[in-house]
Amino acid sequence: MSDQEATEILSQQNSLSSLVEKILAENQKLKTEFQELTEQEALLRQIAENVKEVFFVISALTDEILYISPTYEQVWGRSCQSLYEDPQSWLLAIHPEDSLKAIATIETQFRTGDDFEEEYRIIRPDKSICWVRVRAFPVRDLMNKVNRFVGIAEDITDRKKTEVALKESEEQFRLTFEMSLIGIVISNLKGKFKQVNQAFCDILGYTKAELSELSFAEISHPEDWKIHRQAKDRLIKGQASDFQIEQRFIAKDARVVDTLLKVVVVCDLDGNPLQFNNEIVDITQRKYMEKQLLHDALHDTLTGLPNRALFIDRLQQQLKKSQSQKHYLFAVLFLDVDRFKVVNDSVGHLVGDKLLIEIARRLEKSIAPTDTVARLGGDEFTILLENIAGKSEAILVAESIYQTLTFPFIVEGYELFTTASIGIALSDQGYDKPEDILRDADLTMYRAKEQGKARYEIFDNSLRDRALQRLELETNLRKALERQEFEVYYQPITSLQLGVLSGFEALARWKHPTKGYIQPADFIPICEETGLIIPLGNWLLKEACQATRDWQLKYPEHPAIKISVNLSAQQFRTPQLITEVENALTETGLAGKFLKLEITESVLINNLETVTEIILELRKQQIQFSIDDFGTGYSSLSYLHTFPVDTIKIDRSFISQMQGDGENSAIVRAIVTLAHMLNMDVIAEGIETTAQLAQLKLLQCEYGQGFFFSKPLSREQAEALIASSPQW
Ligand code: C2E
Ligand code: MG
Ligand code: MG
């Protein structure tokens, strides 16, 4: 072997041994790497087997399951082994509704080697359903060919349930929003509409599309916009979280729509305002009803004029003005239609009502538009004249009213004439309350009536004093009955033909502890107004019957004394009247034929039917009736035959003016003649002179009463008169 050969062999040996070393080193390295890999795989397995997701590896070439983590058994409800054995079982578990789509995606992924992600339901062997989310990724070999898919599947049943619930509640919310009968608007902070529901569109007559171009500013009533804006600004500044106001909107057809608007501000998590939720309820109808009710509450239904409440309210405002402005003056006119009752009684309430309406219209025409005419009730009207220059201005209006009322009213074919009495009160008397000025105007109106009606009067303080006196009188009257301050006076009634005493008329007197005797004219009207006339009348009736019965017993030789007692209209309105009269007779023992009850024409005319009934009932006891003050009422002679009475008492006014063949004598003659034709007898009231007596005797008038014979006498005086058996 040559050296050359030997050197070659040596170098080959060296390179071999270095190769062996290299291989050994490489081997060692691989060994460590493999060991590391196995450790990593074990680690991965450990992870895969300890999380709740399912890991899997599938061969891309054979569809074979290379690995499935054990969680599979819980999620799918099937053993891993069964899957290894039958990879198709995986697909068969998919819910039929989801399988088509899921399988298509899987197939595409296998074909293209793309990532896979799909959510679907699986049916477990126990029929329970589970939602899974499956993701898989391709793994490529050194040649960049996909040989496996690794994947992860998770149970998302809980998440799906929440999602469904959320969807359902969203849908419910959407439906509620849409179907709500209340208008709902979501608006941005500037008032622009972000979302509106159908109800809101319906309220204003706009479509959703139209509203999407609009904002609150453009559809709000100009007068209400400021309040709306200010309230929302407060919400933006965080000064409040909601508000509620009544606000008017302008609908598309320019209608004004009253609404109730409720607004809540919606803020983000940091508390910054985001938007407004607005609720709008249409309250137009309610508002209309409210207005109607308010109108009704403040107006008279018959005439449509303001009523007392509204009038008082306007007076109040005027009073405030006059209190704050030194020379401000206003006036109240209180107007009462004269003899309206006569119209009502003669032509009926329907015509009466129409007359009131006509009067209302004329009154409205006689005042300025700024002034107020009101109807207080019945035939009473009030007028408020604002800001007048002086008394003369109020007088001018009163005169013009007087003028307009003088023209006849044609109502339902009747031609009616009317006048009014007007009381004027001016505001310069330092009034505090509206009722006070109204009361003074009312008092003044009464004054005008007393002065002969069809006129106006202006208030002065003496009127108030009189009213105060009257009030005092009223209080004292109530006490007078309890204190037995009343007395009966007896005025003789004589037989004119025989010249002898035939009876008395009982007349009430009030013996006031400090003022002495008060005449009936000053207290009977108040007793009638207050109802005191009933106890007073009953007392007086009994007292008079008792006196008469006592006289009859004491003077049996004297022709039987009769007693006349006045009955007021009020007494006829109480159902007890008949028993009261009967009691008076039985308790005193007076026979009915000695009692005569006096009633006035107006009592008869106003309630002819009921009064007739009462009269007929009492007549069964032989009680007699006479018509007092005949000729002063409104009835005409032609009515006379309808009255179930025995006697006519001709009023004093005719007797006192009877002179020779004058007009009054003719009237008296006519009354006497007619009364006799109707089988009634006649008493002449107020005979004061021999001439009158002579004339009445000539006219065959049966009885007479008057100062010529005697003034009303106390019981003792009357008895003394009987005892003296007077002859006239
Ligand atoms: P009357 O029933 O017509 O009574 C007659 C009135 O005329 C009485 O007034 C009487 O004093 C007055 N008189 C009688 N003769 C003359 C005369 O010659 N000249 C004048 N100037 N007057 C004469 P009196 O007592 O003041 O009563 C006024 C009215 O008050 C009565 O009018 C009657 O309507 C009413 N009255 C009086 N007492 C009662 C009562 O007890 N009950 C009711 N309801 N009314 C009564
Ligand atoms: Mg009388
Ligand atoms: Mg009389």
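Start at 1 and go down the list; that is how both ligands and their atoms are numbered. All figures in this text were calculated on a predicted structure; none of them were measured in a lab.
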Side chain or backbone of [X] under 4.0 Å from ligand 1, or both, or neither, by non-hydrogen atoms?
| X | result |
| --- | --- |
| Asn566 | both |
| Lys711 | neither |
| Lys649 | neither |
| Asp628 | side chain |
| Ala508 | both |

Looking only at protein heavy atoms, which one is nearest to [atom], and how far off is it?
| atom | result |
| --- | --- |
| atom 12 (C) of ligand 1 | Arg652 NH1, 3.8 Å |
| atom 15 (N) of ligand 1 | Gln491 NE2, 3.0 Å |
| atom 27 (O) of ligand 1 | Pro520 CG, 3.4 Å |

### Query
Can we say Arg470 and Glu474 salt-bridge, meaning some charged N sits less than 4.0 Å from an Asp/Glu carboxylate O?
yes

[atom] within contact range, any protein heavy atom under 4.0 Å:
| atom | answer |
| --- | --- |
| atom 7 (O) of ligand 1 | yes |
| atom 34 (O) of ligand 1 | no |
| atom 41 (O) of ligand 1 | yes |

Report yes if [X] has an N/O atom closer than 3.5 Å to an N/O atom of ligand 1; otherwise report no.
| X | result |
| --- | --- |
| Gln571 | no |
| Glu528 | no |
| Phe707 | yes |

Which atom pair, heavy atoms only, marks the closest approach of [X] to [Y]?
| X | Y | answer |
| --- | --- | --- |
| Cys701 | Ile683 | SG-C, 4.4 Å |
| Phe707 | Pro712 | CE2-CD, 4.0 Å |
| Ala297 | Asn307 | O-ND2, 2.8 Å |
| Ile561 | Gln552 | O-NE2, 3.0 Å |

Taking the six-membered ring for Trp, are [X] and [Y] closer than 6.0 Å centroid to centroid?
| X | Y | value |
| --- | --- | --- |
| Tyr703 | Phe709 | no |
| Tyr517 | Tyr489 | yes |
| Trp551 | Phe594 | no |

Output the list of atoms in ligand 1 that are nearer than 4.0 Å to some heavy atom of [X], sorted by atom number.
| X | result |
| --- | --- |
| Glu598 | 2 (O) |
| Ser568 | 44 (N) |
| Gly686 | 15 (N), 16 (C), 17 (C), 18 (O) |
| Gly706 | 15 (N), 18 (O) |
| Ile687 | 18 (O) |

### Query
Within less than 2.8 Å of the Mg ion (ligand 2), any N, O or S from Glu685?
no

### Query
N/O/S of Ser564 less than 2.8 Å from the Mg ion (ligand 2)?
no

Classify the side-chain pair [X]/[Y] by whether it contains a donor and acceptor separated by less than 3.5 Å.
| X | Y | result |
| --- | --- | --- |
| Asp628 | Thr600 | no |
| Ser714 | Gln717 | yes |
| His512 | Thr514 | yes |
| Asp300 | Thr303 | yes |

Name of the [X] N, O or S atom nearest the Mg ion (ligand 2)?
| X | answer |
| --- | --- |
| Glu505 | OE2 |
| Glu598 | OE1 |
| Asp628 | OD2 |

### Task
Test side chain to side chain donor-acceptor pair (under 3.5 Å) on Lys593 and Gln621 and set out the steps.
CA-CA 7 Å; Lys593 60 178 174 182; Gln621 316 248 356; over 6 Å; no

### Query
What is the name of the N/O/S atom in Asp629 that sits closest to the Mg ion (ligand 3)?
OD1

### Message
Tell me which one of Leu355, Thr418, Ile359 satisfies side-chain contact (heavy atoms from CB on, under 4.5 Å) with Phe340.
### Response
Leu355

### Task
Using the side-chain contact (heavy atoms from CB on, under 4.5 Å) rule, pick out the option among Thr588, Leu618, Ile563 that qualifies with Leu595.
Ile563

### Message
So is Ala521 touching ligand 1 or not, going by heavy atoms under 4.0 Å?
### Response
no

